[in-house]
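In what follows, a structure is listed as structure tokens, so that the remarks can point back to it.
Read the numbers this way: they start at 1 and go in the same order the structure lists the ligands and their atoms. The first residue in the sequence is number 1, and the count goes up from there.
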Amino acid sequence: MYTIEVNGLAHAVDTEDDTPLLYVLRNHLGLKGTRFGCGQGLCGACLVLVDGRPEYSCTMPMWSVGERAITTVEGLGTPERPHPVAQAFIDAQAAQCGYCTSGMIIGAVGLLAENDAPTEDEVRAALDRNLCRCGAHNRIVRAVRAAAGEIGPDHDS
Ligand code: FES
Ligand code: FES
């Protein structure tokens, strides 16, 4: 039995030591916003904030979570009151299928916590581990820079 903190709430979870945090989030806690992509730390679909830093939840076994605070995309805001980064993604229409989007948003929130005025190159470098099969990268970069206030949402370069 583990007790983990997710989105500010403590959850008791009965699971194996090596169960990935991703499975617990999705299957035990019903937080489906965190996505399974590769399961190998290669695509970024499963990113969550761990004490504020983006980490892969697919390769994080439950035994390693400890008392660290986990934040999933559900913990960032609500449909009625989206997080500013989520709102910037909406404004920039920075998705096609949306499968990568929660990981992208988590990665961007982690970046902006450390660098509130990233250049385009810095955004690209920070999100380099997030894959988007739809090729929405340019709009995603634009959304992140708009969230930082560096450009307006309609900027097209
Ligand atoms: S599912 Fe975790 S990095 Fe791809
Ligand atoms: S919007 Fe489809 S994978 Fe990124």
Side-chain angles (χ1 to χ4, degrees), residues 2 4-7 11 13 15-66 68-79 82-114 118 120-148 151 153-157:
Y2 289 92
I4 57 173
E5 182 191 323
V6 181
N7 299 335
H11 296 272
V13 181
T15 189
E16 302 295 323
D17 295 348
D18 59 356
T19 300
L21 173 62
L22 174 61
Y23 295 6
V24 169
L25 294 174
R26 290 182 58 85
N27 301 336
H28 293 248
L29 305 185
L31 296 169
K32 306 285 188 181
T34 307
R35 302 276 164 69
F36 181 95
C38 63
Q40 300 178 58
L42 297 171
C43 76
C46 67
L47 283 184
V48 295
L49 295 173
V50 180
D51 282 345
R53 291 174 168 266
E55 302 222 16
Y56 301 127
S57 60
C58 70
T59 53
M60 181 174 292
M62 281 298 288
W63 63 260
S64 73
V65 176
R68 295 182 292 170
I70 307 300
T71 305
T72 69
V73 72
E74 291 91 344
L76 295 179
T78 65
H83 186 280
V85 172
Q87 185 63 57
F89 272 62
I90 295 167
D91 293 343
Q93 292 291 286
Q96 290 186 42
C97 77
Y99 201 85
C100 70
T101 305
S102 51
M104 291 283 187
I105 290 174
I106 290 287
V109 170
L111 166 65
L112 295 179
E114 294 193 342
E120 180 173 333
D121 285 348
E122 287 171 336
V123 174
R124 289 185 184 279
L127 298 184
D128 189 50
R129 62 179 173 166
N130 291 76
L131 304 185
C132 173
R133 276 177 277 187
C134 298
H137 299 89
N138 286 341
R139 287 179 179 230
I140 290 166
V141 171
R142 209 176 300 152
V144 177
R145 297 197 69 221
I151 61 170
D154 297 327
H155 191 84
D156 60 4
S157 66

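Evaluated by nearest non-hydrogen atom to atom 1 (S) of ligand 1, the leading choice among Gly41, Gly37, Ala45, Gly44 is Gly37.
Scanning all protein heavy atoms for the shortest distance to atom 3 (S) of ligand 2 gives Arg133 N, 3.3 Å.
Residue contact check: Cys58 has heavy atoms under 4.0 Å from atoms 1 (S), 2 (Fe), 3 (S) of ligand 1. With ligand atoms numbered from 1 in the order given, ligand 2 contributes 1 (S), 2 (Fe) to contacts under 4.0 Å with heavy atoms of Gly98. Numbered from 1 in the order shown, with element, the atoms of ligand 1 that lie under 4.0 Å from a heavy atom of Gly39 read 1 (S), 4 (Fe). Near Leu42, meaning under 4.0 Å from one of its heavy atoms, ligand 1 places the atoms 3 (S). Numbered from 1 in the order shown, with element, the atoms of ligand 1 that lie under 4.0 Å from a heavy atom of Tyr56 read 3 (S).
Between Arg124 and Asn138, the closest heavy-atom pair is NH2-OD1, 2.9 Å. Considering all non-hydrogen atoms of both residues, Ala147 and Leu112 come closest at CB-CD1, 4.1 Å.
Side-chain atoms of Leu22 and Tyr56, non-hydrogen and from C-beta on, never get closer than 4.5 Å to each other. A 4.5 Å side-chain heavy-atom check between Ile105 and His83 finds every atom pair outside the cut-off. Within the 4.5 Å cutoff, the side chain of Leu31 has heavy atoms near those of the Asn7 side chain. For the pair Leu49/Leu76, a side-chain contact is recorded, criterion being any heavy-atom separation below 4.5 Å from C-beta on. Annotation: side chain of Glu55 is not in contact with side chain of Leu21 (no heavy-atom distance under 4.5 Å).
Distance check for Cys38 against atom 2 (Fe) of ligand 1: none of its N/O/S atoms falls below 2.8 Å. Within the 2.8 Å limit, Cys43 places at least one N, O or S atom next to atom 4 (Fe) of ligand 1. Atom 4 (Fe) of ligand 1 does not have Cys46 among its coordinating residues (no N/O/S atom, backbone or side chain, under 2.8 Å).
Between Cys100 atom SG and Cys132 atom SG, the angle centred on atom 4 (Fe) of ligand 2 amounts to 100° (nearest 10°).
When the shell of 6.0 Å around OH of Tyr23 is examined, it contains 12 or fewer heavy atoms from other residues, nucleotides or ligands.
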